[in-house]
Structures are given as structure tokens and as C-alpha cells.
Novice: 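Handing you this structure, nothing more for now.
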Amino acid sequence: MARLGFSIYPEHSTPKQDVAYIRMAGKYGFERVFACLLSVGNRAKEEVIRDFRIRLDAAHEEGMEVMLDVSPAVFERLGISYDKRKCMRTESAWMRALTARRPAP
């Protein structure tokens with residue numbers, strides 16, 4: 001059975017705008033959110049993670065699955081090693097940590 005999904009492009013909005021959009025989509029039954037991590041610009045790794053975490057936490061609170069679009073250039077820009085032999089262990093672990101549902105406080 002098909003599952004509804006939608007996209008957010010954080011380089012074209014703010015975390016506040018995206019969270020509102022995510023909440024509205026959750027009310028309409030959307031189950032997946034795709035986020036583009038390709039345009040991180042010159043922002044610091046910590047800032048990128050913080051801003052994405054705000055968005056992804058909101059998606060998880062709505063029960064949504066999160067998918068991120070990344071590339072080797074994104075890993076390089078964020079100072080994450082991109083070695084194809086280690087990719088499944090290192091970068092995938094980093095992405096899983098970023099997109100994982102956080103336990104309720």
C-alpha cells in the first residue's frame with residue numbers, strides 16, 4: 001500500500017516554518033518526510049545538526065519516517081570522512097543518529 005510523503009528543503013525555509021509544515025502534514029496522514037541535506041552551505045556542522053534535529057524531532061513526534069538526501073560532498077563539507085570501505089559503518093551510523101527517533105524525556 002502506498003504511503004504519503006512530502007519534502008522539505010531547509011535551505012529555503014526556517015526550522016519554525018518547516019516544523020509547522022510537518023505538523024500540518026501529520027494531521028493529514030503523511031507518514032514520510034524527505035529532507036535535502038545537499039545545500040548545507042558554509043554552516044558549521046553543529047549548526048546543521050541542530051537545525052535538522054529540530055525538524056526531524058518534529059517529524060518523529062508525528063510518527064513519520066525520515067529520509068535524507070546526502071552526497072560525498074556533504075560529508076566532506078561537514079568534516080565527515082567519506083571512505084567507501086567505511087561508509088556503511090561511519091556515515092550511515094552518523095545519519096542513523098541524526099534521523100533516529102529520540103526517546104521521550
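All values below come from the heavy atoms of this structure, side chains included, with hydrogens, waters and symmetry mates left out.
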Novice: With clusters defined by side-chain heavy atoms of hydrophobic residues (ILVMFWY) lying less than 4.5 Å apart, directly or transitively, does I8 cluster with L4?
Specialist: yes
Novice: For S13, give me all partners under side chain to side chain donor-acceptor pair (under 3.5 Å), at least two apart in sequence or on another chain.
Specialist: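 Listed in chain order: D18.
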Novice: Calculate, to the nearest 0.5 Å, the distance between atoms CD and CD1 belonging to E62 and I22 respectively.
Specialist: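 With rounding to 0.5 Å, CD (E62) is 8.5 Å from CD1 (I22).
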Novice: Could you note down all residue pairs passing ring-ring contact (aromatic ring centres under 6.0 Å, His included) where residues 22-47 supplies at least one of them, sequence neighbours left out?
Specialist: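 Every pair satisfying ring-ring contact (aromatic ring centres under 6.0 Å, His included) with a residue in residues 22-47: F6-F30.
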Novice: Measure across H60 and V66 and return the closest heavy-atom pair with its distance rounded to 0.1 Å.
Specialist: NE2-CG2, 3.5 Å
Novice: Identify, with sequence neighbours excluded, every residue that meets side chain to side chain contact (heavy atoms under 4.5 Å, CB included) alongside E31.
Specialist: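 For E31 the side chain to side chain contact (heavy atoms under 4.5 Å, CB included) partners, ignoring immediate neighbours, are R3.
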Novice: Decide whether M64 and I54 are clustered together by the hydrophobic rule: side chain heavy atoms of Ile, Leu, Val, Met, Phe, Trp, Tyr closer than 4.5 Å, transitively.
Specialist: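 In one cluster with M64: I54, no.
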Novice: Quick one: do V33 and F52 end up in the same hydrophobic cluster if we chain Ile, Leu, Val, Met, Phe, Trp and Tyr together by side-chain heavy atoms under 4.5 Å apart?
Specialist: yes
Novice: I need the minimum non-hydrogen distance between Y21 and S7, along with the two atoms involved.
Specialist: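 Closest pair (atom of Y21, atom of S7, distance): CE2-O, 3.7 Å.
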Novice: Between P10 and C36, what is the shortest heavy-atom contact and its length?
Specialist: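 What the structure gives for the nearest pair is CD-O, 3.7 Å.
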